[in-house]
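Working notes for the structure below.
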2 protein chains.
Amino acid sequence: MKPKFQKPDRLRRLREVIENDPFITDKELACAFGVSIQTIRLDRLELGIPESRERTRRLAEEATNKVRSVETGEVIGDLIHVKLGQEGISVLETDKDMAFQRTSIVRGHHIFAQANSLAVALVDAEIALTGTATIKYLRPVRAGERLVAKAEVLSRSGRRHVVKVTTKIGHDDVFTGEFIVFAVEEPGGCGEDSRRGFD
Amino acid sequence: MKPKFQKPDRLRRLREVIENDPFITDKELACAFGVSIQTIRLDRLELGIPESRERTRRLAEEATNKVRSVETGEVIGDLIHVKLGQEGISVLETDKDMAFQRTSIVRGHHIFAQANSLAVALVDAEIALTGTATIKYLRPVRAGERLVAKAEVLSRSGRRHVVKVTTKIGHDDVFTGEFIVFAVEEPGGCGEDSRRGFD
DNA sequence: CTGCTATTAAGACTTGGTCATAATAGCTAT
DNA sequence: ATAGCTATTATGACCAAGTCTTAATAGCAG
């Protein structure tokens, strides 16, 4: 009972192929696997894989959401609590997309980004820019761990703010940083609405 | 010659509506605008807007590319030159997606990410992790500017590497940082292939 | 009334499928 | 071997969301 390419084998491969080329059509798949279109359709049915247009649509939907959440959000992570000019807490759920595939260790700049944007968000000014930062990574973060960053404004003289950020996973410190953040005036002065500015 | 909703008006609105709901079909549009499907099709033709499936496909394609380039690339920016354990140069083209909309100033963590990943890439080890970093933002970066980061390994004792990174736009220094990067052993020891590890 | 634009309609064809119903091949267990 | 099983392929009807072509109609302007 061994034709050449057995069914379970084909199913596994099929799943993989579709996984990393969701745009592929049944016809192309049939051709690639040397079977009929109907077989491919039955296989998809069995695997619960939707048709190519549906796959494309989902990808597009998901991706637009992702882009929105990554790029439109002014702060990296969720702002849980803020006392402007004083303190704040932000939570960031890490996932494997933030990590190196090989090690599942979260890339440093994500941890930095959370802390930095929190520090900047605390400064009560039209625009705030990070000037200097001294940071320490205390232990590696694995994908899936929840980062809780607490920030505190240590001192302020004029437009210069010193913000201390400590990021924890549970009770474990994983990161600390001291950010010198400067408040800046509105630049052109032609802003139509005047919400707070970050970084 | 004023029916109620004039053509040029409808065209403008049509463009907008499709813009922020690319999944919408001609039928839905026809219904929403109170005209026939054919009218919508002619309008799209005139505006050079492709059909809904095509729009969806493009969105998905673009988005997967973006996700890939942001999340799968091991190094942020393009590695122009590397002498492992010694020095390296990376180039990062900034765009408005990296900046705050209001100010067009590039978010600090992108600049940090480029420098950090370059520093880590220079360390010749299976896995390398940033321990400490002291960084300075010297001037704001505007969306569209090209960041050139140069890194140099200043010293090394055992697994501890001190890497100095300077990022410029043209001849202008915009960022400097000193990264303490640690080389680490393979963790589980069950890696099937052994390419270099970053960060 | 003629000409113009805008709109709508009608018909044939395309892609990439779904769904239902068969027919066929190859093995297997009784 | 023969009935039974799974896997595969085929066939035909149908759908959504279009395309492209040709044509009819409405409303107004000169």
Side-chain angles (χ1 to χ4, degrees), chain A residues 1-69, chain B residues 1-69 71-72:
Chain A
M1 31 125 88
K2 270 107 212 162
K4 171 195 179 175
F5 239 33
Q6 253 167 301
K7 198 188 173 186
D9 196 31
R10 191 187 55 226
L11 290 185
R12 257 187 297 99
R13 284 156 190 272
L14 189 64
R15 180 181 269 128
E16 288 169 25
V17 169
I18 294 178
E19 178 87 26
N20 69 4
D21 181 7
F23 299 62
I24 200 166
T25 64
D26 286 358
K27 199 195 279 183
E28 293 172 309
L29 286 167
C31 173
F33 282 90
V35 295
S36 74
I37 275 198
Q38 287 80 355
T39 302
I40 295 294
R41 315 250 227 231
L42 285 176
D43 288 354
R44 273 200 301 103
L45 197 69
E46 200 163 340
L47 293 169
I49 298 173
E51 59 169 297
S52 112
R53 286 176 299 221
E54 178 63 16
R55 294 192 304 260
T56 307
R57 226 211 60 233
R58 288 189 191 182
L59 250 187
E61 219 157 36
E62 178 191 312
T64 44
N65 287 347
K66 191 169 269 176
V67 169
R68 293 259 156 77
S69 72
Chain B
M1 30 124 86
K2 270 106 212 162
K4 170 195 181 174
F5 239 34
Q6 253 166 302
K7 198 187 173 187
D9 197 29
R10 191 186 55 225
L11 289 185
R12 256 187 296 100
R13 284 157 189 272
L14 189 65
R15 180 182 268 129
E16 288 168 25
V17 169
I18 294 179
E19 180 86 27
N20 70 4
D21 181 7
F23 300 63
I24 201 166
T25 64
D26 287 359
K27 198 196 279 185
E28 293 171 310
L29 287 166
C31 173
F33 282 90
V35 295
S36 74
I37 276 198
Q38 288 79 355
T39 302
I40 295 293
R41 315 253 225 231
L42 285 176
D43 288 353
R44 273 200 301 102
L45 198 70
E46 201 164 340
L47 293 170
I49 297 174
E51 58 168 300
S52 113
R53 286 176 299 221
E54 177 65 15
R55 292 188 310 258
T56 307
R57 227 209 59 234
R58 288 189 192 180
L59 250 186
E61 218 159 37
E62 179 191 310
T64 44
N65 286 346
K66 192 168 270 175
V67 170
R68 293 258 156 78
S69 72
E71 293 170 1
T72 305

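Naming: A, B, ... by sequence-line order, numbering from 1 per chain.
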Would you say [X] reaches [N]'s phosphate, i.e. side-chain N/O to OP1/OP2 under 4.0 Å?
X	N	answer
B:Ser36	C:dT8	yes
B:Thr25	D:dA17	no
B:Arg41	D:dC20	no

statement: Regarding the side chain of A:Val35, the nearest nucleotide among D:dT9, D:dG18, C:dG16 is D:dT9
query: Touch check for B:Arg55, heavy atoms < 4.0 angstrom, all strands: base, sugar-phosphate only, or nothing?
result: nothing
Nearest-angstrom distance from the residue atom [atom1] of [X] to [atom2] of [N]:
X	N	atom1	atom2	result
B:Asp9	C:dT7	CG	P	11 Å
A:Arg58	C:dG17	CZ	P	14 Å
A:Ile37	C:dG16	CD1	C1'	8 Å
B:Ile24	D:dA16	CD1	C1'	16 Å
B:Arg57	C:dG16	CZ	P	10 Å
B:Leu42	C:dA9	CG	P	13 Å
B:Gln38	D:dA17	CD	P	15 Å
A:Asp43	D:dT8	CG	C1'	10 Å

B:Asp43 and B:Phe33: CA distance, side-chain angles, deciding distance, side chain to side chain contact (heavy atoms under 4.5 Å, CB included) verdict: CA-CA 12 Å; B:Asp43 288 353; B:Phe33 282 90; over 6 Å; no
field: A:Arg53 (side chain) and C:dG17 (base): donor-acceptor pair under 3.5 Å
entry: no
query: Run the salt bridge (charged side-chain N to carboxylate O under 4.0 Å, His left out) check on B:Glu54 and B:Arg58 step by step: do they pass?
result: CA-CA 6 Å; B:Glu54 177 65 15; B:Arg58 288 189 192 180; 2.9 Å; yes
message: Donor-acceptor pair, distance only, cut-off 3.5 Å: does the side chain of A:Arg55 make one with the backbone of A:Ile24?
response: yes
field: B:Glu16/B:Arg12 salt bridge by N-O under 4.0 Å criterion
entry: no
message: Would A:Asp21 and A:Glu28 count as a side chain to side chain contact (heavy atoms under 4.5 Å, CB included) here? Give the steps.
response: CA-CA 11 Å; A:Asp21 181 7; A:Glu28 293 172 309; 5.9 Å; no
